[in-house]
Amino acid sequence: MQIKKNKTPSKIPVADRSKNYTFFENVWDVVRQIPEGRVTTYGAIANYLGTKSSARMVGYAMNSSFGIMPKVPAQRVVNRNGMLSGKAHFATPTLMEELLKKEGIQVEDDKIVNFTKVFWDPNIELL
DNA sequence: AGTATGACTCATT
DNA sequence: AAATGAGCCATAC
C-alpha cells in the first residue's frame, strides 16, 4: 500500500494536501454558516477573519471551493455591491443565479435585489 | 525564482 | 463620478 504523490495537484480542489489552506478553510467555514436566503461579501468575510484587506483571497478561496466537502454555498458570496461577480466561475454562467433564486433571493441583471436586506454580516450575526 | 494575475476593496486623483 | 494605485498572497507559467 503506497501513497501516490501527485505532482500536479493544481486541478485537485480538495484541501487535504500538505499545504497551508487554513485561511481557505476558515473562509469555507464561514461561508457554510451563511443561512439560506442570505448573502455576504468577500470583504465581510475577510474582515471577520481579521484580515480585512484580504478580500481577494476570499474570492480565491471560493475559486478553490468547488467540489470540496462539506459543500460550500459559494453562491451566497458576492461583492460589496451585491453583484454576482463570481458567476462566471460556476459550472454554468447561470448556475449561481439559479441557486440564489432557488433560495429565495431575487437576482436582477446579475445583481441582488434588496441586497442590504439579505446581507448577512458575520461580524454581526456570527459574533 | 521572478512576474503576472485575480470570485476584492479602499483611498486617492 | 470615474479612473487609478495599492494592499493582499496563493497559483500559474
Side-chain angles (χ1 to χ4, degrees):
Chain A
M1 176 97 180
Q2 51 191 51
I3 300 175
K4 253 187 229 183
K5 286 187 185 171
N6 197 337
K7 294 288 284 210
T8 58
S10 48
K11 290 202 180 261
I12 301 176
V14 184
D16 67 340
R17 305 234 152 241
S18 40
K19 283 205 123 203
N20 275 353
Y21 281 112
T22 51
F23 180 77
F24 284 8
E25 287 175 1
N26 285 335
V27 172
W28 299 331
D29 218 31
V30 175
V31 174
R32 281 193 279 257
Q33 296 179 69
I34 304 173
E36 203 172 299
R38 307 289 296 279
V39 297
T40 192
T41 68
Y42 305 98
I45 295 172
N47 191 32
Y48 174 75
L49 294 177
T51 58
K52 181 180 170 184
S53 48
S54 296
R56 243 178 159 159
M57 294 303 102
V58 176
Y60 235 61
M62 291 300 97
N63 191 29
S64 302
S65 74
F66 178 77
I68 73 158
M69 290 293 290
K71 183 189 152 203
V72 177
Q75 74 274 14
R76 300 186 192 143
V77 186
V78 297
N79 74 359
R80 74 178 203 89
N81 298 314
M83 305 192 343
L84 278 51
S85 46
K87 61 175 270 177
H89 296 269
F90 281 77
T92 69
T94 55
L95 180 58
M96 184 177 189
E97 181 174 338
E98 296 297 322
L99 289 172
L100 287 173
K101 283 182 175 172
K102 208 183 302 183
E103 296 178 356
I105 295 176
Q106 304 168 22
V107 179
E108 203 170 289
D109 202 18
D110 293 343
K111 208 169 37 182
I112 300 217
V113 185
N114 295 330
F115 174 58
T116 57
K117 288 177 184 164
V118 296
F119 177 55
W120 179 87
D121 189 348
N123 299 284
I124 299 173
E125 320 265 356
L126 199 60
L127 185 58

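Letters A, B, ... are given to chains in the order of the sequence lines, protein chains preceding strands, and every chain is numbered from 1. Please read these numbers as outputs of a predicted model, since none were measured by experiment.
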> Is A:Thr51 touching bases, backbone alone, or none of the nucleic acid, heavy atoms closer than 4.0 Å?
Replying inline: nothing
> So what does A:Ala74 hit on the nucleic acid, given a heavy-atom distance under 4.0 Å: a base, only sugar-phosphate, or nothing?
Replying inline: base
> Under the 3.5 angstrom rule, does the side chain of A:Arg80 hit a backbone N or O of A:Gly43 as a donor-acceptor pair?
Replying inline: no
> Between CG of A:Asp121 and CZ of A:Arg38, what distance do you get to the nearest 0.5 Å?
Replying inline: 9.5 Å
>> Without decimals, in angstroms, what is the distance between A:Met62 CE and B:dG6 P?
In response: 19 Å
>> Nearest whole Å is fine: how far is B:dT9 P from A:Asp121 CG?
In response: 12 Å
>> Between P on B:dC8 and CG on A:Asn79, what's the gap in Å once rounded to a whole number?
In response: 7 Å
> Which nucleotide in the set B:dA7, B:dC8, C:dA10 lies at the smallest distance from any side-chain heavy atom of A:Phe90?
Replying inline: B:dA7
>> Please report the interatomic distance CD(A:Glu125) to OG1(A:Thr40), rounded to the nearest 0.5 Å.
In response: 9.0 Å
> Quantified in whole Å, what is the P atom distance between nucleotide C:dT4 and nucleotide B:dT5?
Replying inline: 16 Å
>> What contact category does A:Ser54 fall into here, base, sugar-phosphate, or nothing, at under 4.0 angstrom with non-hydrogen atoms?
In response: sugar-phosphate
> How long is the line joining OH of A:Tyr42 and P of B:dC10, in whole Å?
Replying inline: 14 Å
>> A:Lys101 vs A:Glu97, test: salt bridge (Lys or Arg N to Asp or Glu O under 4.0 Å). Steps then yes/no.
In response: CA-CA 6 Å; A:Lys101 283 182 175 172; A:Glu97 181 174 338; 3.0 Å; yes
> Counting side-chain heavy atoms from CB outward, which of B:dC10, B:dC8, C:dC8 is closest to A:Arg80?
Replying inline: B:dC10
>> As a test of reading the structure: which of C:dA10, B:dA7, B:dT9 is closest to the side chain of A:Ser65, going by heavy atoms?
In response: B:dA7
>> From C-beta outward on A:Thr41, which listed nucleotide comes closest to its side chain: C:dC9, C:dC8, B:dT9?
In response: B:dT9
> Mind checking the P distance from B:dC8 to C:dA1? Whole angstroms is fine.
Replying inline: 23 Å
> To the nearest Å, how far apart are A:Phe66 CZ and B:dG6 C1'?
Replying inline: 19 Å
>> In this structure, how many angstroms lie between the P atom of C:dG7 and the NZ atom of A:Lys52, rounded?
In response: 15 Å
>> If I take atom CG in residue A:Asn63 and atom C1' in nucleotide B:dG6, what distance separates them, rounded to the nearest angstrom?
In response: 9 Å
>> Can you measure A:His89 atom NE2 to B:dC8 atom P for me and round it to whole angstrom units?
In response: 7 Å
> Is a side-chain N or O of A:Ser54 found less than 3.5 angstrom from the main chain of A:Ala46, in a donor-acceptor match?
Replying inline: no
